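Single-structure report; data block below.
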Amino acid sequence: MTQAASFFDKHVFFCCNQRAPGESCCNNFGATEIKNYAKDKIKALGLSGDGKIRINQAGCLGRCDDGPVLVVYPEAVWYTYIDKDDIDEIVDSHLVNGNIVSRLKLD
Ligand code: FES
């Protein structure tokens, strides 16, 4: 059986969930700002669009204790991150060159 090609080469979901004050969630770590940074970077590199890379905001992805988290499909590789430097590394290494960033990867 053949498998249909993915619509996007890489589809990235950032948890941007915001909970009530005092409750743990990815947006407490600046997830929305970081997601916007990633989206702008992909666009600036000319990598957004059909067959390329898509950055999406997601609600809770169910891994709150590991947050902030993002997941890259079709590989289903999960990452955590601290800052924009980490996002730069994920973009340059994984999204552009296909090399998983093991230091940021979650099991
Ligand atoms: S709040 Fe981000 S995974 Fe649940």
Side-chain angles (χ1 to χ4, degrees):
M1 186 158 85
T2 58
Q3 188 173 0
S6 298
F7 191 81
F8 298 109
D9 182 49
K10 298 276 187 284
H11 202 163
V12 184
F13 295 89
F14 281 77
C15 172
C16 294
N17 191 36
Q18 180 67 61
R19 289 209 172 92
E23 294 183 30
S24 177
C25 62
C26 291
N27 216 37
N28 285 351
F29 298 95
T32 298
E33 182 190 346
I34 293 285
K35 181 268 299 175
N36 288 337
Y37 173 77
K39 200 171 182 82
D40 290 347
K41 182 179 174 91
I42 292 299
K43 193 171 181 183
L45 290 170
L47 297 173
S48 61
D50 299 357
K52 299 187 198 172
I53 298 171
R54 174 82 179 181
I55 306 291
N56 270 110
Q57 174 172 330
C60 178
L61 293 170
R63 297 193 66 168
C64 318
D65 290 344
D66 295 322
V69 296
L70 63 86
V71 58
V72 180
Y73 289 106
E75 297 92 332
V77 171
W78 291 78
Y79 289 112
T80 189
Y81 57 85
I82 300 288
D83 53 23
K84 292 173 182 173
D85 288 345
D86 289 344
I87 296 304
D88 286 345
E89 189 171 348
I90 291 168
V91 169
D92 296 342
S93 181
H94 187 156
L95 302 186
V96 174
N97 291 308
N99 299 316
I100 291 170
V101 182
S102 51
R103 75 177 186 87
L104 299 171
K105 183 177 176 293
L106 297 170
D107 292 327

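Just follow the structure's listing: the first ligand is 1, and inside any ligand the first atom is 1. The shown structure was predicted, so the numbers you read here are calculated from the model rather than taken from an experiment.
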* Could you tell me which non-hydrogen atom of G67 sits nearest to which non-hydrogen atom of F29, and how far apart they are? => O-CE1, 4.0 Å
* Sub-2.8 Å protein N, O or S atoms surrounding atom 2 (Fe) of ligand 1 -> C15 SG, C26 SG
* Electrostatic pair R54-D9, nearest N-O below 4.0 angstrom -> no
* To do: Give the intermediate values and the outcome of side-chain contact (heavy atoms from CB on, under 4.5 Å) for residues E75 and K10.
  => CA-CA 8 Å; E75 297 92 332; K10 298 276 187 284; 2.9 Å; yes
* Structure fact -> Between Y79 and the options K105, H94, R103, the side chain to side chain donor-acceptor pair (under 3.5 Å) test singles out H94
* Structure fact -> Tracing side-chain contacts under 4.5 Å among Ile, Leu, Val, Met, Phe, Trp and Tyr outward from W78 reaches F13, L61, V69, V71, Y73, L106
* To do: Measure across K35 and C16 and return the closest heavy-atom pair with its distance rounded to 0.1 Å.
  => CB-SG, 4.0 Å
